[in-house]
Amino acid sequence: MSYFKDLALQYIDGEWRAGGGSWDIIDFNPYNEEKLASITVATVDEVDQAYRAAERAQAGWAATNPYTRRGVFERALRIIEDREDELIEAIVAELGGTRGKAAFELHLAREFMREAIHLSLRPEGRILPSPIDGKENRLYRLPVGVVGVISPFNFPFLLSLKSVAPALALGNAVVLKPHQNTPILGGTMLAKVFEDAGLPPGVLNVVVTDIAEIGDALLEHPIPRVISFTGSDRVGRHVATVCANHFKRAVLECGGNSALVVLDDADIDYAVDAAVFSRFIHQGQACMAANRVLVDRSVLDEFTEKFVAKVRTLKTGDPSEPETHIGPLINSSQVESVMSAIQQTVAAGAKVLVGGVSEGNVVAPTVLSDIPADAPVLTQEIFGPVALLIPFDGEDEAVRITNDTPYGLSGGVHTRDVERGVRFAQRVHTGMIHVNDGIIHDEPIVPFGGEKHSGVGRLNGDATVEAFTTQKWISVQHARSTFPI
């Protein structure tokens, strides 16, 4: 995998170069701890260079015929398709994703690149009527200019692409900072795809760095008008505060504590399958994951028996092996956090039905029951393979428990009565919720985002156009106005 070392550089103004910092970010394989790459961090000065390169390149890129811009994304899609095997190996190596997870991420990445192709032609102006005789109101939709993107480690290629590609398609330039645990897939790999697709130099820049080196320079810089952030609500709060202080728009996709609810008339076998996928995909390192599985008490015993039995079949270990379901968490500190949450909850009285142990960075898929009502784990996000089984008596209690969290990202409800499910879903305070399905979903034209601490704003489709463009009113007076002075 020589491409890890080949791409272990900064990408600024169309040039691949070493960072100017005094220390390196080490990119490790989280399963076997093999060193994949070493990248010297970018400095505050290099962040400035990246933003200024983006600003210089943006005007020409925005003025490019949108049909010509569209061609870049068509070529980028073909490159992703041609390099699928390479990308799968990179996902397995850099973030410990299983092969099934890698295929899932790349499928969505291709779909979002297809949407970016269409977004190049999406912005439309309008002519609006005026109460003033002879006046014509023209409303133009324009790119915001330069967008800063900060992406996470869990689905790095997809979640970088999801902001970068549409922002570029709409005529903006971008400066991307990937997570330090996934600098290649989340950053320079995407830059290479666009470089090979013919994107002009400077339109996309990637800075691999850390807050310890640059502080808030990426957020406070005067050039970017929009910051698109995906990550924890704690960091998201800080991003929002800094952006507000500098009159920037922030699009925030933060954490979740989502619930999958099983009503008394659900198809239990199907609900079990949906719950296992929704909790344990990518070791539970997904913002939409079903932290909580709520089950009507009348079907609790049947569901629990079948759920635990299926969880026991999940194979843990080396993510490079095709039959592995559960690979490593991203690093040892994440393992410590997850194991601490398990141990504290058990100490408070919860029961471990399966799992509860770890080896290296691999946490065994874990199911907890009999969780005390005041346990902190019920209202926080667990970024690991831990499912909380919670009984309820009737729909009203299910709604109350589901909403008893500071988050509101995704969710699901299972019932044989679809309209009952829809009525239940309407009572849940969340940005997205799915009836009779899993809860890990993202589609290119459907608005994606959360309520409460799960984020601000939406992406995908028309919501992406709103996020990365601005509107400008130009009026034309064809007659003569009269003025009171």
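Everything numeric here is computed off the predicted structure, so don't read it as measured data. What's counted below: heavy atoms across the whole structure, side chains too, no hydrogens, waters or symmetry copies.
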Contacts table for residues 348-361: side-chain donor-acceptor under 3.5 angstrom, sequence neighbours left out:
{"unit_1": "Lys351", "atom_1": "NZ", "unit_2": "Asp370", "atom_2": "OD2", "d": "3.4"}
{"unit_1": "Asn361", "atom_1": "ND2", "unit_2": "Pro30", "atom_2": "O", "d": "2.9"}

Worksheet item: Is there side-chain contact between Arg110 and Glu84, with heavy atoms separated by less than 4.5 Å?
Response: yes
Worksheet item: In terms of side-chain geometry, is the basic nitrogen of Glu253 or Lys162 positioned less than 4.0 Å from the acidic oxygen of its partner?
Response: no
Worksheet item: Would Arg458 and Glu451 count as a salt bridge (Lys or Arg N to Asp or Glu O under 4.0 Å) if you check the C-alpha gap in whole Å, the side-chain angles of each, and the deciding distance to 0.1 Å?
Response: CA-CA 10 Å; Arg458 298 289 188 269; Glu451 299 294 327; 2.7 Å; yes
Worksheet item: Heavy-atom distance under 4.5 Å between the side chains of Val363 and Gln283, does that happen here?
Response: no
Worksheet item: Has the side chain of Thr345 got a donor or acceptor atom that lies under 3.5 Å from a matching backbone atom of Ala341?
Response: yes
Discussion item. I'd like to know if Arg99 pairs up with Glu89 as an ion pair, taking the criterion as any Lys NZ or Arg NE/NH1/NH2 lying under 4.0 Å from an Asp or Glu carboxylate oxygen.
Written reply: yes
Discussion item. Please check this pair: side chain of Ser278 against backbone of Ala289, looking for a donor-acceptor N/O pair closer than 3.5 Å.
Written reply: no
Worksheet item: Are Phe73 and Leu119 side-chain neighbours, meaning at least one heavy-atom pair lies under 4.5 Å?
Response: no
Practice prompt. For Ser160 and Ser151, test the side chains for any donor-to-acceptor distance below 3.5 angstrom and give the result as yes or no.
Written response: yes
Worksheet item: When the ring planes of Tyr11 and Trp16 are compared, do they come out parallel, tilted or perpendicular, using 30° and 60° as the limits?
Response: tilted
Practice prompt. Look up atom CG in Leu108 and atom CG in Leu161, then write down how far apart they are to the nearest 0.5 Å.
Written response: 10.5 Å
Discussion item. Under 3.5 Å, is there a donor on one side chain and an acceptor on the other for Asp318 and Ser320?
Written reply: yes
Discussion item. Main chain of Ser258, side chain of Asn291: is a donor-acceptor contact present, judged purely on distance under 3.5 Å?
Written reply: no
Item to complete: Check step by step if side chain to side chain donor-acceptor pair (under 3.5 Å) holds for Glu46 and Thr43.
Response: CA-CA 5 Å; Glu46 285 159 331; Thr43 63; 3.3 Å; yes
Discussion item. Is it the case that the side chain of Asn403 and the backbone of His429 share a donor-acceptor pair, with hydrogens and angles ignored and the cut-off at 3.5 Å?
Written reply: yes
Worksheet item: Is the closest basic N to carboxylate O distance between Glu195 and Lys192 below 4.0 Å?
Response: yes
Worksheet entry | Tyr51 side chain near Leu218 side chain, heavy-atom distance below 4.5 Å | yes
Response to the item:
In terms of heavy-atom contacts, Trp23 and Ala212 come closest through CZ2-CB, 4.4 Å
Discussion item. Can you confirm whether Arg237 is buried at CZ, in the sense that more than 12 heavy atoms of other residues, nucleotides or ligands lie under 6.0 Å from that atom?
Written reply: no
Practice prompt. Please confirm whether the backbone N or O of Gly255 pairs with a side-chain atom of Ser454, one donor and one acceptor, at under 3.5 Å?
Written response: yes
Fill in: N-O pairing of Arg292 and Asp404 below 4.0 Å
no
Worksheet, complete the sentence: Residues passing the ring-ring contact (aromatic ring centres under 6.0 Å, His included) test with His441, sequence neighbours excluded, are His434
Discussion item. In the structure I gave you, are the side-chain heavy atoms of Leu95 and Lys101 within less than 4.5 Å of one another anywhere?
Written reply: yes
Worksheet item: Does CD belonging to Gln471 count more than 12 external heavy atoms closer than 6.0 Å?
Response: yes
Discussion item. Under a 4.0 Å threshold between the charged nitrogen and the carboxylate oxygen, would Arg52 count as salt-bridged to Asp48?
Written reply: yes
Discussion item. Other residues, nucleotides and ligands only: do more than 12 of their heavy atoms fall within 6.0 Å of CG on Leu139?
Written reply: yes
Item to complete: Would you check if the side chain of Glu94 reaches a backbone N or O of Leu185 as a donor-acceptor pair within less than 3.5 Å?
Response: yes
Worksheet item: So, the side chain of Arg279 versus the backbone of Val386: is there a donor-acceptor pair under 3.5 Å, distance only?
Response: yes
Worksheet entry | Sidechain-backbone polar pair: Glu15 side chain, Pro201 backbone, donor-acceptor under 3.5 Å | no
Practice prompt. Find out whether Met432 and Leu409 are in side-chain contact, i.e. whether some heavy atom of one side chain is under 4.5 Å from a heavy atom of the other.
Written response: yes
Discussion item. Let me confirm one number: the CG-CZ distance from Leu121 to Arg69, rounded to the nearest 0.5 Å.
Written reply: 8.5 Å
Worksheet entry | Side-chain touch Leu378/Ile390, heavy atoms, less than 4.5 angstrom | yes
Worksheet item: If every non-hydrogen atom of Ala240 is compared with every non-hydrogen atom of Ala250, which pair is closest and at what distance?
Response: CA-CB, 4.5 Å
Fill in: Distance-only donor-acceptor check, side chains Arg141 and Thr469, under 3.5 Å
yes
Discussion item. Any salt bridge linking Asp233 with Lys452? Criterion: basic side-chain nitrogen under 4.0 Å from a carboxylate oxygen.
Written reply: no
Discussion item. If the threshold is 4.0 Å, N to carboxylate O, is there a salt bridge linking Arg122 and Asp462?
Written reply: yes
Worksheet item: Which value, rounded to the nearest 0.5 Å, describes the distance between Phe383 atom CZ and His282 atom NE2?
Response: 7.5 Å
Worksheet item: Does a donor on one side chain sit under 3.5 Å from an acceptor on the other, for Asp216 and His238?
Response: yes
Worksheet item: Out of curiosity, Leu168 CG to Gln58 CD, how far, rounded to the nearest 0.5 Å?
Response: 10.5 Å
Discussion item. Return the CG to OG1 distance between Asn154 and Thr182, rounded to the nearest 0.5 Å.
Written reply: 8.5 Å
Response to the item:
On a heavy-atom basis, the closest approach of Asn205 and Ala50 is ND2-O, 3.5 Å
Worksheet item: Can you find a pair of side-chain heavy atoms, one from Pro156 and one from His179, that are under 4.5 Å apart?
Response: no
Discussion item. Could you measure the distance from the CG atom of Leu388 to the CG atom of Leu368? Nearest 0.5 Å is fine.
Written reply: 6.0 Å
Worksheet item: What pair of heavy atoms forms the shortest contact from Pro444 to Asn460, and how long is it?
Response: O-CB, 3.2 Å
Discussion item. Applying the side-chain contact (heavy atoms from CB on, under 4.5 Å) criterion to Val208, which one of Leu9, Ile25, Asp24 satisfies it?
Written reply: Ile25
Item to complete: State, to 0.1 Å, how close Ala197 and Val72 come at their nearest heavy-atom pair, and which atoms those are.
Response: CB-O, 3.5 Å
Item to complete: Could you pull out the closest heavy-atom pair between Lys248 and Pro224, with the gap in Å?
Response: NZ-O, 2.7 Å
